[in-house]
Amino acid sequence: MRFVSTRGTASPVSFSEAAARGLAPDGGLYAPEALPRTLAVATASLPETAQALLAPFFAGDALEASLPEIVREAFNFPVRLAAPPGADFDILELFYGPTAAFKDFGARFLAAAFSRGRAGSRRSMHVLVATSGDTGGAVASAFHNRPHVRVSVLYPRGMVSPAQERQLTCWGDNVTAYSVQGTFDDCQRLVKAAFGDPHIYGKEDLSSANSINIGRLLPQMCYFAWSSCRIQTDLGVKANFVIPSGNLGHATACIWAREMGCPVGEIVLAHNANRTMPDYIDSGVWRPRPSVRTLASAMDVGDPSNAERLRFLFPTAEAMRRMVRACSIDDDGICSATREAFERHGAILCPHTAAGYAALKLMRGAATGRWVITATAHAAKFPEIVEPLIGERVGIPPALAALPPARNPVEIEANLDAFVRHARA
Ligand SMILES: *Cc1c(COP(=O)(O)O)cnc(C)c1O
């Protein structure tokens, strides 16, 4: 399998190369040349599903023989699919990994692939990652203390929750956290710009662990495949997913899984007040804008990079409209959804998942099939928001409790010089 650039002028590459580069040389994002039809195995475990689903993407790749090991290492924590009491929908809980958000799947897969792919290389690798909150912690945790690799995490100062900030800054060793005076979009812009600056390379190879990296998106398809097959087997219907969305990586993975033949029906994207994607679907005009700050901070993205992958697959707004629906839930909607899910179903949702709950009520309409809300993070990452709304303490999962204490980040202005001065090799 080869991966092509969404901008069409870079030459096609293997998975290993696409993952090592992050961004294609023509500035585009890598996407599979074709999406293989898969024989989804309804009775399989999540790692078995992952192995079957991902094998065609690794055919002929340097890592082909290592895929079973990579899958075993990355998918070593559970997902849960269950209906809360009194609900006619399921919640797919993706937050049982080391940093309690779904980003652990992609980050752990990428780290496992990099450490095998680079085993014979003499050059070390510098991984850059911009984060609106959860990606950075997941990537830092996955790469911490791995040999021959260091990680620079850039996050917007004051726009991540205290629990998230701890997960970004607690590592030390080969992980450096940068607190950037700017927004997530500024951080993302800095990472993209750094790739064009020769000063930062030194003797290292540079890569990115953002969801522009294909190595993070492919593993995210697996739990959509696994859960939709289970629903098909148990209930005989397709699964409709509500996906709390920001940079649209999760949405891309779900759409790819459906294109591969997984029994997925409708896909509804739940955005917060950053409404670039819902507005595009309504109006047909793609108008990126500065991100605005919301309670669901990991979705505060005004210029979602993976839209380029979606528009590569569905070039017109009309085509996109047939594939997904999208809505925007403001902070009031997030708050009332958090309260209601708790009062009606005893479900304790993080603000992102609460946007999904609100979106389900707004958008479910007459669609047949079983609805599934994708729970993207554990509520314990946002206690200062969730606890006052439900009037109860949120229990802390053991993985989060075990993290080292926060440390001081490197504070920089949102410009390339400031970043390169600190981060150069
Ligand atoms: C990253 C994230 C999202 C948004 O996912 P995208 O792939 O960026 O659309 C939603 N919720 C949480 C908790 C996240 O960390």
Side-chain angles (χ1 to χ4, degrees), residues 29 91-107 129-141 153 155-156 159-161 163-165 167-168 184-185 187-188 209-214 216-221 223-224 241-257 267-278 291 294-310 324 326-329 334 337-338 348-359 373-382 385-386 400:
L29 308 183
I91 296 185
L92 177 63
E93 294 179 337
L94 301 173
F95 48 65
Y96 295 104
T99 66
F102 79 88
K103 304 290 201 310
D104 283 322
F105 287 99
V129 56
T131 183
S132 54
D134 289 327
T135 292
V139 169
S141 155
V153 180
Y155 67 94
M159 296 196 199
V160 302
S161 79
Q164 286 175 318
E165 188 158 28
Q167 289 173 29
L168 297 168
F184 167 68
D185 294 304
C187 297
Q188 188 152 258
N210 273 103
S211 60
I212 56 171
N213 195 307
I214 189 73
R216 279 195 37 209
L217 288 197
L218 294 183
Q220 289 175 6
M221 298 188 303
Y223 40 76
F224 291 116
F241 288 100
V242 180
I243 307 181
S245 289
N247 219 12
L248 294 170
H250 225 184
T252 304
C254 187
I255 289 171
W256 284 353
I267 299 175
V268 167
L269 310 182
H271 288 261
N272 58 23
N274 292 277
R275 18 181 333 128
T276 303
M277 183 66 175
S291 45
T294 76
L295 295 174
S297 54
M299 315 195 311
D300 290 350
V301 186
D303 186 2
S305 19
N306 282 295
E308 183 160 334
R309 284 194 170 101
L310 291 181
V324 287
C327 64
S328 162
I329 307 293
I334 288 173
T338 306
I348 301 180
L349 308 181
C350 87
H352 313 79
T353 310
Y357 179 91
I373 298 172
T374 312
T376 48
H378 196 289
K381 293 186 94 163
F382 311 92
I385 298 171
V386 178
L400 287 191

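Heads up: numbering here begins at 1 and tracks the sequence. Hydrogens, waters and symmetry mates play no part in the numbers below; they use all other heavy atoms, side chains included. Numbering of ligands and ligand atoms starts at 1, following listing order.
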Original post:
Any idea which residues sit under 4.0 Å from ligand 1, heavy-atom distances?
Top reply: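 If the criterion is a heavy atom under 4.0 Å, then ligand 1 touches Phe102, Lys103, Asp134, Pro244, Ser245, Gly246, Asn247, Leu248, Gly249, His250, Ala298, Met299, His352, Thr376, Ala377.
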
Subject >> Centroid-centroid under 6.0 Å between Phe241 and Phe224 rings >> reply: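 Between Phe224 and Phe241, which both carry aromatic rings, the centre distance is below 6.0 Å.
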
Subject >> Pair Phe382 and His352, ring centroids less than 6.0 Å apart >> reply: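 When the ring centroids of Phe382 and His352 are compared, they turn out to be within the sub-6.0 Å range.
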
Subject >> Tyr223-Gln220 side chain donor-acceptor pair, cut-off 3.5 Å >> reply: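 Note: Tyr223 and Gln220 side chains miss the donor-acceptor criterion.
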
**OP:** Could you give me the CA-CA distance, side-chain angles and deciding distance for Phe102 and His378, then say whether ring-ring contact (aromatic ring centres under 6.0 Å, His included) is met?
**Re:** CA-CA 9 Å; Phe102 79 88; His378 196 289; over 10 Å; no

Original post:
Do you know which two heavy atoms are closest between Thr99 and Lys381, and how far apart they sit?
Top reply: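 Answer, listing the atom of Thr99 first, then Lys381: O-NZ, 2.7 Å.
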
Original post:
Would you say Thr131's side chain and Gly136's backbone share a donor-acceptor pair under 3.5 angstrom?
Top reply: yes

